[in-house]
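Ligands are counted one by one from 1 in listed order, and the atoms in each one are counted from 1 as well. Predicted model, so just to flag it, every value in this text is computed and none were measured. The chain is numbered in sequence order, starting from 1. Basis for what follows: all heavy atoms, side chains included, without hydrogens, waters or symmetry-related copies.
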Amino acid sequence: MSGTDTIFALSTARGRSAIAVIRVSGPNAAGALEALAPRVRAQPRVATLAKLRDPASGEAIDDALVLWFPAPRSETGEDVVELQVHGGRAVIAGVLDALATLPGFRPAEPGEFTKRAFLNGKVDLTAAEGLLDLVEAETAAQRRQALRQMEGGLARLYEDWRTRLVRALAHLEAEIDFADEDLPGGVAARALGELRVLGGEIRGHLDDRRRGELLREGLSVAILGAPNVGKSSLLNALTRRETAIVSSIAGTTRDIVEARLDLGGYPILLADTAGLREVAEGGDPIEREGVRRALARAEQADLKLLVFEAGRAPDPATAAMTGPDSILIANKADLLAAPTAPAGAMLVSATTGQGLDALRARMLAEAETRLEAGGSPAITRARHRSALLECVASLERAEGAGSPELVAEDVRLAARALGRITGRVEVDDLLDVIFREFCIGK
Ligand code: GDP
């Protein structure tokens with residue numbers, strides 16, 4: 001990427017739409033207006049109606065709204081022009097083709113607008129990631145978390161910790177540099193105390209059961225149980241659409257069928273698995289593989305729905321999986337003469353819908369305890385987690401280090417690890433990894 005290119009891209013979704021937004025950013029951005037709408041005098045940050053014309057032929061392309069954001073008060077911190085055109089393919093193609101002919105202009109790479117915003121100090125890395133998550137958010141809880149991160153929730157937390165580390169480091173270094181002189185008593189001792197407190201706070205932040213990451217990815221819920229207890233029917237009933245194939249021949253669900261569910265604002269990845277049963281030696285190898293996958297999935301799942309037939313005891317394989325992360329479900333309640341819930345189980349019927357509201361409420365409660373944002377912002381990416389672990393490890397080393405010089409070096413490493421999360425230091429190699437996740441036009 002060259003910082004001197006002027007980049008442009010369609011920022012709205014591809015395909016036909018009422019309106020499409022094309023963004024231009026870079027030193028020659030004003031040239032886009034001069035070339036396509038030479039008669040228009042756009043005021044900064046005021047929408048102006050403009051006839052866009054092909055600069056070569058003079059042919060009209062569209063009646064558009066244009067916006068002019070001179071640097072540095074723009075999304076990227078550079079000069080930015082935003083063209084709001086009618087969202088027809090030929091209109092968009094006409095504008096993009098015209099822009100491509102202008103000197104110093106080229107199409108933007110994925111994430112390049114946000115990357116420039118970062119490089120110009122408009123956003124830190126966590127805010128950029130929050131912006132990406134906001135675009136990707138499918139449920140209300142995901143949106144809340146992303147918006148909070150985009151608005152600096154995580155950046156403030158990490159920058160505050162880093163500032164405190166740097167301050168402690170300064171005190172330690174003062175003690176080293178002026179060892180012979182009169183410093184207020186116990187400067188280094190107080191710095192070490194502060195490091196212990198900080199280490200505790202960061203460990204507390206890390207000990208979050210991955211709620212922020214789970215919220216981004218979706219809570220993984222596996223439906224498990226013997227063949228024919230109604231697992232596929234339950235998946236369909238919960239998703240209210242025909243996702244899984246239901247049949248009365250045992251062992252039909254051979255692979256894992258997944259559905260995404262928005263449960264009260266929380267994202268759920270609901271997986272139907274093959275029935276848990278012994279497949280005899282020499283039996284159907286595909287079904288055996290299905291059972292193996294079901295068990296593997298059960299181990300990874302954040303929550304297990306263990307299904308058995310009401311009126312019968314749960315089969316041993318299903319009963320064996322009962323635990324704190326499971327909900328025991330007695331299905332086919334409609335077949336019982338006197339429907340009473342067996343001990344510890346919820347009584348439902350996938351066919352009539354009986355008990356499903358209660359099951360949804362229970363799943364929502366389980367999702368809330370695992371994903372709820374709570375008071376402090378949560379770690380949302382493995383990248384943050386590994387840097388925080390590195391920071392804590394350095395602080396622990398500092399505590400055991402013999403000399404003040406070694407303590408100071410470990411604290412420096414700890415501060416650098418935190419700085420990498422927001423992008424304050426050593427980020428060049430990280431940038432491409434982070435911004436690759438973005439799509440073009442952002
Ligand atoms: P799976 O093998 O566990 O996925 O079970 P299916 O969902 O394929 O269902 C097996 C059979 O049980 C099908 O004939 C379903 O129609 C039936 N079934 C599923 N749930 C219920 C229920 O709540 N009540 C009744 N009466 N039948 C059900």
Would you be so kind as to tabulate the donor-acceptor pairs closer than 3.5 Å made by side chains of residues 90-102, with sequence neighbours excluded?
| residue | atom | partner | partner atom | Å |
| --- | --- | --- | --- | --- |
| Thr101 | OG1 | Ala98 | O | 2.6 |

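- Panel note: side chain Gln142, backbone Leu215; a donor-acceptor pair is recorded below 3.5 Å.
- Aromatic ring pairs are classed by plane angle as parallel below 30°, tilted from 30° to 60° and perpendicular above 60°; the pair His205 and Tyr158 is perpendicular.
- With a 4.0 Å heavy-atom cut-off, ligand 1 is reached by the side chain of Asn331 but not by its N, CA, C or O.
- Geometrically, ligand 1 and Gly230 share a nitrogen or oxygen pair separated by less than 3.5 Å.
- Per-residue contacts place Lys231 under 4.0 angstrom from the following atoms of ligand 1 (heavy atoms of the residue considered): 1 (P), 2 (O), 3 (O), 4 (O), 5 (O), 7 (O).
- Applying salt bridge (charged side-chain N to carboxylate O under 4.0 Å, His left out) to Asp133 and the options Arg144, Arg216, Arg148 leaves one that passes, Arg216.
- Of the listed residues (Arg116, Lys115, Lys122, Arg23), just one forms a side chain to side chain contact (heavy atoms under 4.5 Å, CB included) with Thr76, and that residue is Arg116.
- Distances from atom 27 (N) of ligand 1 to the heavy atoms of Leu224, Thr351, Val307 show the closest one on Thr351.
- Taking only nitrogen or oxygen atoms, main chain and side chain alike, Leu335 does not reach within less than 3.5 Å of ligand 1.
- Between the side chains of Thr139 and Asp262, no donor-acceptor pair is found at a separation under 3.5 Å.
- Heavy-atom proximity to Ser232, at under 4.0 Å, picks out these atoms of ligand 1: 1 (P), 4 (O), 7 (O).
- Legend: salt bridge (charged side-chain N to carboxylate O under 4.0 Å, His left out) pairs involving residues 321-333, not counting sequence neighbours, sorted by first then second residue: Glu309-Lys332, Asp325-Arg370.
- Of the listed residues (Gly353, Gly355, Ser233, Ala310), the one carrying the non-hydrogen atom nearest atom 9 (O) of ligand 1 is Ser233.
- Taking every non-hydrogen atom of Val229 and a distance limit under 4.0 Å, the qualifying atoms of ligand 1 come out as 3 (O).
- By the 3.5 Å distance cut-off applied to N or O atoms, Asp272 is not counted among the residues near ligand 1.
- Under 4.0 Å from ligand 1, heavy atoms of Asn228 appear from its side chain as well as its backbone.
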